[in-house]
Amino acid sequence: ASFTGLGLGVFEKKPFLQRVVETYKRVKKDSALLLSACSHLLYNEELMASLVESGFDAMLTDPFLPCGPIVALRLALPVVFFLHSLPCGLDFQGTRCPSPPSYVPRVLSLNSDHMTFLQRVKNMLILVSEGFLCNVVYSPY
């Protein structure tokens, strides 16, 4: 229900500020739900012991939520990410690769690298909001 509400919220016609506040609350609630699920997984000693005994060589995971890499660390397994970019621009920070928002479109912006002025403003707003939302989502981990 939580994820359905997040998807349906995209189509609601509400004032911009109201949508921002509601999205913030929804993201905070959803990330608490996912953190709880991760905690229950990590503290399930029987399941974790079963995973250790399975003798996996590596772990495939989506880096969007840190539970997968945390489980891999607990199991002492190498991690293979299957996403084309890391959340919060960590791929750009890790590689020290420049990513000017005036030219490089953010992943969810749907912009090309040939942006109008308004698309560049939108790209910049997405970049700024990503930092804020990343703090909300990832700080509990």
Problem - Under the side chain to side chain donor-acceptor pair (under 3.5 Å) test, residues paired with N135 that sit two or more places apart - result: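 Partners of N135 by the side chain to side chain donor-acceptor pair (under 3.5 Å) criterion come out as none, since no residue qualifies.
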Exercise for the section: Scan residues 19-79 for pairs that pass disulfide (SG to SG under 2.5 Å), counting only residues two or more places apart or in two chains. Expected result: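 Pairs touching residues 19-79 that pass the test: C38-C67.
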Problem - Side chains of D113 and V104 in contact at under 4.5 Å (non-hydrogen atoms) - result: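 Sidechains of V104 and D113: no contact.
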Handout entry: F81 and P69, any side-chain heavy atoms less than 4.5 Å apart
Key =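 Sidechains of F81 and P69: in contact.
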Exercise for the section: Please go through F117's hydrophobic cluster and name the other residues, only I, L, V, M, F, W, Y counting, with side-chain heavy atoms under 4.5 Å joining them. Expected result: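 Under the 4.5 Å side-chain rule, F117 groups with L118, V121, L125.
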Could you list the residues that satisfy side chain to side chain contact (heavy atoms under 4.5 Å, CB included) with [X], not counting sequence neighbours?
| X | value |
| --- | --- |
| L133 | V27 |
| L75 | M48, L51, V52, V71, L77 |
| S102 | P100, R120 |
| S129 | none |

Exercise for the section: Can you run down the side-chain hydrogen bond (donor to acceptor under 3.5 Å, both in side chains) pairs that involve residues 64-73, sequence neighbours left out, and say none if there aren't any? Expected result: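 The answer is none; no pair qualifies.
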Practice task
Only pairs at least two apart or in different chains count here, so list each ring pair (Phe, Tyr, Trp, His ring centres under 6.0 Å) that has a residue in residues 24-55.
Solution key: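 Of all non-adjacent pairs touching residues 24-55, those that pass ring pair (Phe, Tyr, Trp, His ring centres under 6.0 Å) are Y24-F132.
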Handout entry: Value rounded to 0.5 Å, distance of OG in S36 from CG in L41
Key =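 Spacing of OG (S36) from CG (L41) equals 11.0 Å.
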Problem - Separation of M115 CE from K122 NZ (nearest 0.5 Å) - result: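 CE of M115 is found 10.0 Å from NZ of K122.
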Handout entry: Verify same cluster id: V128, V21 (apolar side-chain graph, 4.5 Å)
Key =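 No, separate clusters.
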Exercise for the section: Spell out, yes or no, whether F56 and L42 are grouped together once hydrophobic residues are joined by side-chain heavy atoms under 4.5 Å, including indirect joins. Expected result: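 Same hydrophobic cluster.
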Problem - Where P101 and N123 come nearest, the two heavy atoms and their spacing - result: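 Nearest heavy atoms, P101 then N123: O-ND2, 2.7 Å.
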Problem - Whether S112 side chain and H114 backbone form a donor-acceptor pair below 3.5 Å - result: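 Yes.
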Handout entry: Residues that E45 engages under salt bridge (Lys or Arg N to Asp or Glu O under 4.0 Å), provided they are two or more places apart
Key =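 Only R74 meet the salt bridge (Lys or Arg N to Asp or Glu O under 4.0 Å) criterion with E45.
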Exercise for the section: Determine which pairs satisfy salt bridge (charged side-chain N to carboxylate O under 4.0 Å, His left out) with at least one residue from residues 46-65, sequence neighbours left out, and list them in order. Expected result: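 Every pair satisfying salt bridge (charged side-chain N to carboxylate O under 4.0 Å, His left out) with a residue in residues 46-65: there are none.
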Handout entry: Pairs touching residues 35-44 that satisfy salt bridge (charged side-chain N to carboxylate O under 4.0 Å, His left out), sequence neighbours left out
Key =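 Applying salt bridge (charged side-chain N to carboxylate O under 4.0 Å, His left out) to every pair that reaches into residues 35-44, excluding sequence neighbours, yields nothing.
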Practice task
Decide side chain to side chain contact (heavy atoms under 4.5 Å, CB included) for S99 and R106; before the verdict, give the C-alpha distance in whole Å, the side-chain angles of both, and the deciding distance to 0.1 Å.
Solution key: CA-CA 9 Å; S99 176; R106 301 308 298 167; 3.8 Å; yes
